[in-house]
Amino acid sequence: MTVTVRFAPSPTGHIHIGNARTALFNWLFARQRGGRFILRFDDTDTARSRQEYADQIQTDLHWLGIRPDVTAHQSVRFDTYAAAVERLKAAGLLYPCWETAEELERRRKIRLSRRLPPVYGREALKLAETDRKAFGDDGRKPHWRFLLPNFSDDPFSPQRTEVHWDDVVRGPQTVDLASMSDPVLVREDGTYLYTLPSVVDDIDLSVSHVIRGDDHVTNTGAQIALFRALGAQPPAFGHHNLLTTASGEGLSKRSGALSIKSLAEDGIEPMAVASLAVLIGTSESVSAARSMDELAERFDPAATSKSAAKFDPAELVTLNKVLIHAMPFEEARERLAEHGISGSLAEPFWLAVRGNLEKLADAEVWWKIVQEGPQERPEPAPEDAEFLAIAFDNLPPEPWDRMTWKIWTDRLKELSGRKGRVLFMPLRLALTGREQGPELADLLPLLGREGTLARRP
Ligand code: GLU
């Protein structure tokens, strides 16, 4: 059997790092098993779904390094869902209900006061044909519920009915179908809730593993029953814990700051996002994986914890630094060129500055310092004036390389008697305008003798 997974976002907003976790769990799971990855847009809600969000989700996945084998849209499959609805109706497994939300709420309260489980009591199943017709004559449209297989003969006497599955993330799971209401599959206005289209698509697209957030665990019980009602073998399931903010709030499509789009715009590396999104809330330590292959080697769905994983955006910056500090020039080349950093100096420049950067784009500031000189240059302290004059009078002859800094400063020690900070800091300030930055031994050959002389205060 070919492993086939799907990531099924609704294109109603930007995806965030929690959605990326779901996408990556699926992607890595498939990758480890030579499987296929389907991107399925759950866009049956045509009023809220937008093409621009769908486009952005594709861009975001691509940025993360995910390349779907197939892209599907629910919005073009309404006929297929309608056919499934007819099959279920014909089998007596989908029945019309006319209760209003207030009516349902009232009944729920009554059940609770009688210490009964607050589930739907299937009252609509008791309606006589004449009652149903009367609703129709009044112009009222029904919503449709799936009759859960949680009884032997009498649907009004549900019995404990366990559905089991061996969750690829959580291990053995049990849901009791008597503990839930018959799910509504079709609303009054004829639109679909997510439950049925998802199952129909999972069948048609031969999905072998459904991996998603653990907010869907209960759904899974009903969906397994639905797979069977439609004559299909249910796939395997996996439910990962959800990410929350440091204060424990769930992430939502409206939590804009953590959208993949904004993280990318902020200069966070895709592998920093992917590493955190996948490894947080697992028994693996969170550290930066350099490539999807490396992350795939470390990914183990069964090592995921069952409780929600708190996530701190500051960790992204920490991981980012690790990735940038060791990023080979070849990997950075094109992006550096976009920042105007190219030519024969680009590679030695990158190797000199990367260890000081938080984000790749920060290289631009240093490129300017190397090319044009300090962007703002503090007036040298009076006590350094003479020392700096000596220093610039005693620049070593060319050619310059990494040793030049040592040759120069050894000579200056002899000439000035200075050492340590009082020796280096005036030079650093004169050359770069900053108290901190890349090793001067690396920067000096980039400046060259002429460029260094031009920085004489
Ligand atoms: N569109 C659903 C959601 O985003 C998909 C859930 C699933 O993967 O089945 O919650």
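Quick note: numbers below take in every heavy atom, side chains included, and nothing from hydrogens, waters or symmetry partners. Whatever order the structure lists them in is the order used to number ligands and atoms, beginning at 1.
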**Q** For residues Thr220 and Arg212, is any side-chain donor paired with an opposing acceptor at under 3.5 Å?
**A** yes
**Q** Within the 3.5 Å criterion, strictly below it, is a donor on Ser152 or Gln159 matched to an acceptor on the partner's side chain?
**A** yes
**Q** Between the side chains of Lys133 and Glu129, is the shortest nitrogen-to-carboxylate-oxygen separation below 4.0 Å, so that they form an ion pair?
**A** no
**Q** Any N or O of Ala8 that comes nearer than 3.5 Å to an N or O of ligand 1?
**A** yes
**Q** Are the ring centres of Phe329 and Trp350 closer than 6.0 Å?
**A** no
**Q** For ligand 1, which atoms have a heavy atom of Arg6 less than 4.0 angstrom away?
**A** 7 (C), 8 (O), 9 (O)
**Q** Need the ligand 1 atom indices (1-based, order shown) with element for anything under 4.0 Å from a heavy-atom of Asp42.
**A** 1 (N), 2 (C), 5 (C)
**Q** For Ser10, counting its heavy atoms only, list the atoms of ligand 1 lying under 4.0 Å from any of them.
**A** 1 (N)
**Q** So if I count the atoms of ligand 1 from 1 in the order they appear, which ones are less than 4.0 Å from some heavy atom of Arg212?
**A** 7 (C), 8 (O), 9 (O)
**Q** For the rings on Trp144 and Tyr95, is their centre-to-centre separation under 6.0 Å?
**A** no
**Q** Check Phe7 against ligand 1 and report side chain, backbone, both or neither, counting heavy atoms closer than 4.0 Å.
**A** neither
